Amino acid sequence: MTPEVAPRVHRLGTPLVNWYLVEAEDGLTVIDAGLPRHRPMLDAALTVLGRELSDVRAVVLTHAHGDHTGIAEMLRAEAGIPVFVHEADEELARSGKQPKRERSMLPYLRHGMAYRIIWELARSGSMRPPHIAHVTTFSDGDVLDLPGRPRVLHTPGHTLGHCVFDLPDHGVVVAGDELCSLNPLTGDRGPQLLPAAFGISSKQALESLGKLDGLEGTLLFGHGEPWREGIASALSRARERGPT
């Protein structure tokens, strides 16, 4: 059974990589797209929900890293499902060309978790994720006319176009990789920034947390378990920890 982490919001993926399916009367929105070999998870979820692939109105990306774009191009090419991404991540989505990361991976290789995530990405095809041939872009503050009506909060730092989505009708805020509750390189748990080896500016990501001030609901992450103890407390913990 697909875990329902909030009313009509379903979590897909693995213990290390999450993506989400939002259900509404007018169809379904996929938020992030997992890893390239995760397609059977969507098919299974649709079967459980009594839905068809034709009910999926769009794939909406928090950002264009390969562990979030996995099956997006497959759904676009095979079923004509549009893929949405912030305008500042359009080039990353279409070409896969990465800006220079803030920090090398080498210091993190002392942690066993680093090898777990590398192995997961490698075996699921995310080291060479398919580029997305066509994307529809959005901007900060947009409310997307899609099931769930996600409101866009531009939170650069992890990528140039990273965004958080507020879905007040569902009681969730999808944080993508602005925050995590399981550090995919160190294994540390609890709300925190993503490690610097995966982003372009921890300082900017820390500043972007201000976009989440005042929001309410369950906080959903690209990596880690949902946070139900209040967004304010998650932000406080992340700020106290600082960059990782």
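Values below: all heavy atoms of this structure, side chains included; hydrogens, waters and symmetry mates excluded. It should be emphasised that the depicted structure is a prediction, and the values quoted were computed from it without experimental measurement.
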Open item on the list: So, taking the atom named CG in Leu28 and the one named CZ in Arg8, what distance separates them when rounded to the nearest 0.5 Å?
Closed with: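 The CG atom of Leu28 sits 11.0 Å away from the CZ atom of Arg8.
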Task: Pairwise distance CG(Leu185) to CG(Leu109) - rounded to 0.5 angstrom - done: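 Rounded to the nearest 0.5 Å, the CG-CG separation comes to 8.0 Å.
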Open item on the list: Donor-acceptor pair, distance only, cut-off 3.5 Å: does the side chain of Arg110 make one with the backbone of Pro107?
Closed with: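 At least one qualifying donor-acceptor pair exists.
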Open item on the list: Between Glu73 (side chain only) and Ala133 (backbone N and O only), is there a donor and an acceptor less than 3.5 Å apart?
Closed with: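 Indeed, once roles are kept as given, a pair shorter than 3.5 Å links the two residues.
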Taking atom [atom1] of [X] as the centre, report whether more than 12 heavy atoms of other residues, nucleotides or ligands fall under 6.0 Å from it.
X: Glu216; atom1: CD; value: no
X: Arg116; atom1: CZ; value: no
X: Arg189; atom1: CZ; value: no
X: Glu52; atom1: CD; value: no

Checking [Y] against [X]: is there a side-chain donor and acceptor pair closer than 3.5 Å?
X: Trp19; Y: His68; answer: no
X: Glu178; Y: Ser208; answer: no
X: His10; Y: Glu23; answer: yes
X: Glu102; Y: Ser201; answer: no

Open item on the list: Looking at every heavy atom in both Cys180 and Leu194, which two are closest together, and how far apart are they?
Closed with: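 Nearest heavy atoms, Cys180 then Leu194: CB-CD2, 3.7 Å.
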Open item on the list: Just to verify, which of Leu21, Leu220, Ile31 counts as forming a side chain to side chain contact (heavy atoms under 4.5 Å, CB included) with Val9?
Closed with: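 Among Leu21, Leu220, Ile31, the one meeting side chain to side chain contact (heavy atoms under 4.5 Å, CB included) with Val9 is Leu220.
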Task: Candidate list His162, His154, His86, test ring-ring contact (aromatic ring centres under 6.0 Å, His included), partner His63, passing option - done: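 For His63, the ring-ring contact (aromatic ring centres under 6.0 Å, His included) test succeeds with only one of His162, His154, His86, which is His162.
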- [ ] Indicate if Leu46 and Met74 have the same hydrophobic cluster label, given that clusters are the connected sets of ILVMFWY residues with side-chain heavy-atom separations under 4.5 angstrom.
- [x]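 Leu46 clusters together with Met74.
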Task: Six-ring centre of Phe165, Arg149 cation under 6.0 angstrom, axis tolerance 45° - done: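 No; the conditions do not both hold, so Arg149 does not lie above the ring face of Phe165.
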Open item on the list: Please determine whether side-chain contact (heavy atoms from CB on, under 4.5 Å) holds for the pair Thr69 and Asp32, giving the CA-CA distance in whole Å, both sets of side-chain angles, and the decisive distance to 0.1 Å.
Closed with: CA-CA 6 Å; Thr69 65; Asp32 286 334; over 6 Å; no
